[in-house]
Amino acid sequence: MGQGNKTQTWVSEFILLGLSSDWGTQVSLFVLFLAMYLVTIVGNALILLLIRLDSRLHTPMYFFLSVLSLVDLCYSSSIVPQMLAHLLSVQKSIPFYSCLIQLSTSLALAASEFLLLGAMAYDRYVAVCYPLHYTVIMHGGLCLGLAVGCLGAGFTNSLLETVITFRLPLCHSVMNHFACETLAVLRLACVDISFNKVMVAISGFLVIMLPFFLVLFSYGRIVAAILHIHSAQGRSKAFGTCASHLTVVSMCFGTAIFTYLGPRSAYSVEGEKMVALFYAVVAPMLNPLIYSLRNKEVMAALSKLLDKFSSFSLKLKHREGGYVSIISGLLGSYPCTESIQSSAEVYTQQAQEWREEAKMLDSGSLVKVSNEGVTSLSTP
């Protein structure tokens, strides 16, 4: 670690206090978070696989969903594996540069996700309000440009915020958090951090509030368009196309706004950790579940994939059965097969006789050995 106390400007590693100091609690949290992380990996990977394999899902909506699943997968992987390792470790330390990389990566992916949710809201707005022009407006070039723009803006924002944060002189190395996070690092600084707080607020406004306003505008227009639909079935169908996205938007934006733009107080540190934990662990796990369970097209693609897998398994089983039949037929037609079977029967019978003779010897009987075998003479 660095030298000195109030004049310290460099640390080689940080100590993370984590979520609990009780060993039993840590083990329980390890099992829980490991299970949730595995669900996150499987769920998001399955979404990516279904969208890739099913041509019915090759639409702008599912293109954005695949990018969102990839971002969720990477974001969770940037935090959870290290947290799991620390839950089973006595010394919860992280090197300085590892902390820097974790902070910049998580910031970039989180900002990209908010921007992507805004782009997805615009996609739903076009689909509901301009259904006849949807494929013309949301063409492949625009979708790709929006996705790249969201990722680029997220990483640019992360780079600026990371540089501003880690240029501060740090007086402490003990971080009251389970991961490297901007507000937790700022609390270690030796100097006034008012400027950094302003920059965090500006960053939060750009990557959280601007997409949030776009979402509000899009859904305001969507609701107005739905109310003009006369049939109840048409209104239900139009709202159904937005229900999954609206659920994820409410969950993600609500959590982020509370964490970064909510009021600060001395007792808010633990609450801040819980909210950050929810966003880092729970949200990436729930997103694929929400989009799959509430989406008939995704469920249909999953059912189709399972049917293909079942059909492939049956074909493989029949093929293996055919190989066994062929081998059995070849052995049955081989001229030496009967003699081999006869020899095997002879050897089996001889082995049985030897076992009986051995039992007689073990019982202490007087025996006579001859060419015909072993004959009992008497019993003492």
Side-chain angles (χ1 to χ4, degrees), residues 2 5-11 14 16-17 71 75 78-79 94 96-119 149-217 249 252-280 283:
N5 187 12
K6 291 295 182 184
T7 60
Q8 179 176 342
T9 59
W10 171 260
V11 293
F14 296 100
L16 301 176
L17 296 183
V71 169
Y75 180 79
S78 71
I79 294 177
I94 179 172
F96 177 87
Y97 287 108
S98 296
C99 181
L100 187 151
I101 293 172
Q102 183 184 66
L103 175 63
S104 61
T105 303
S106 60
L107 280 175
L109 294 170
S112 298
E113 178 157 350
F114 295 129
L115 296 170
L116 278 169
L117 289 172
C150 291
L151 294 172
F155 277 87
T156 301
N157 172 79
S158 169
L159 178 62
L160 295 175
E161 190 167 331
T162 302
V163 169
I164 292 173
T165 299
F166 279 97
R167 289 189 65 182
L168 292 173
L170 304 177
C171 292
H172 311 283
S173 62
V174 179
M175 193 182 303
N176 189 10
H177 214 281
F178 60 86
C180 288
E181 195 262 354
T182 303
L183 298 176
V185 175
L186 290 179
R187 286 192 282 267
L188 307 180
C190 306
V191 296
D192 180 62
I193 57 173
S194 300
F195 172 74
N196 294 81
K197 289 183 176 180
V198 171
M199 294 305 297
V200 169
I202 294 174
S203 172
F205 178 81
L206 292 176
V207 302
I208 299 175
M209 296 310 297
L210 284 184
F212 183 65
F213 291 147
L214 177 59
V215 169
L216 291 179
F217 169 79
V249 161
C252 292
F253 278 100
T255 303
I257 289 171
F258 179 85
T259 304
Y260 292 99
L261 303 180
R264 297 278 163 233
S265 61
Y267 59 84
S268 68
V269 175
E270 292 302 318
E272 176 190 308
K273 285 198 292 185
M274 293 301 104
V275 173
L277 181 68
F278 173 83
Y279 186 75

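What you see below is based on every heavy atom in this structure, not just the backbone, and it leaves out hydrogens, waters and symmetry mates. Along the sequence shown, residues are numbered consecutively beginning with 1. The shown structure was predicted, so the numbers you read here are calculated from the model rather than taken from an experiment.
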Can you name the disulfide bond (SG atoms under 2.5 Å apart) partners of Cys99, sequence neighbours left out? Cys180
Nearest-0.5 Å distance that lies between atom CZ in Phe155 and atom CG in Leu160: 13.5 Å
Ignoring hydrogens and angles, tell me if any N or O in the side chain of Asn176 forms a donor-acceptor pair with the backbone of Leu17 under 3.5 Å. no
Answer yes or no: is there a donor N or O on one side and an acceptor on the other, between the side chain of Thr105 and the main chain of Gln102, under 3.5 Å? no
Evaluate the side-chain proximity of Thr165 to Met199: yes if any heavy-atom separation is below 4.5 Å, no if none is. no
Can you tell me if Ser104 uses its side chain to pair, donor with acceptor, with the backbone of Leu100 under 3.5 Å? yes
Can you tell me how far apart CG (Leu188) and CG (Leu183) are? Round to the nearest 0.5 Å. 11.5 Å
Taking every heavy atom of Leu103 against every heavy atom of Ser106, the minimum-distance pair comes out as O-OG, 3.0 Å
Which word best sums up how the rings of Tyr279 and Phe114 line up, parallel for under 30°, tilted for 30 to 60°, or perpendicular for over 60°? parallel
Value for CG (Asn157) from CG (Leu206), rounded to nearest 0.5 Å, stands at 7.0 Å
Might you point out which heavy atoms bring Lys273 and Phe178 nearest each other, and give the distance in Å? O-CE2, 3.4 Å
Taking C-beta and beyond as the side chain, do Leu117 and Pro211 meet within less than 4.5 Å on heavy atoms? no
Which heavy atom in Ala280 sits nearest to a heavy atom in Tyr75, and how many Å separate them? CA-CE2, 3.5 Å
Is there a donor-acceptor contact under 3.5 Å from the side chain of Ser158 to the main chain of Gly154? no
Residues two or more places apart in sequence or in another chain: which of them pass ring pair (Phe, Tyr, Trp, His ring centres under 6.0 Å) with Phe195? none
Contact check, side chains of Leu151 and Val71, non-hydrogen atoms, under 4.5 Å: yes
Does any part of the side chain of Leu107, heavy atoms only, come nearer than 4.5 Å to the side chain of Thr182, both counted from C-beta? yes
Indicate the ring-plane relationship of Phe205 and Phe213, choosing parallel, tilted or perpendicular according to the 30° and 60° boundaries. perpendicular
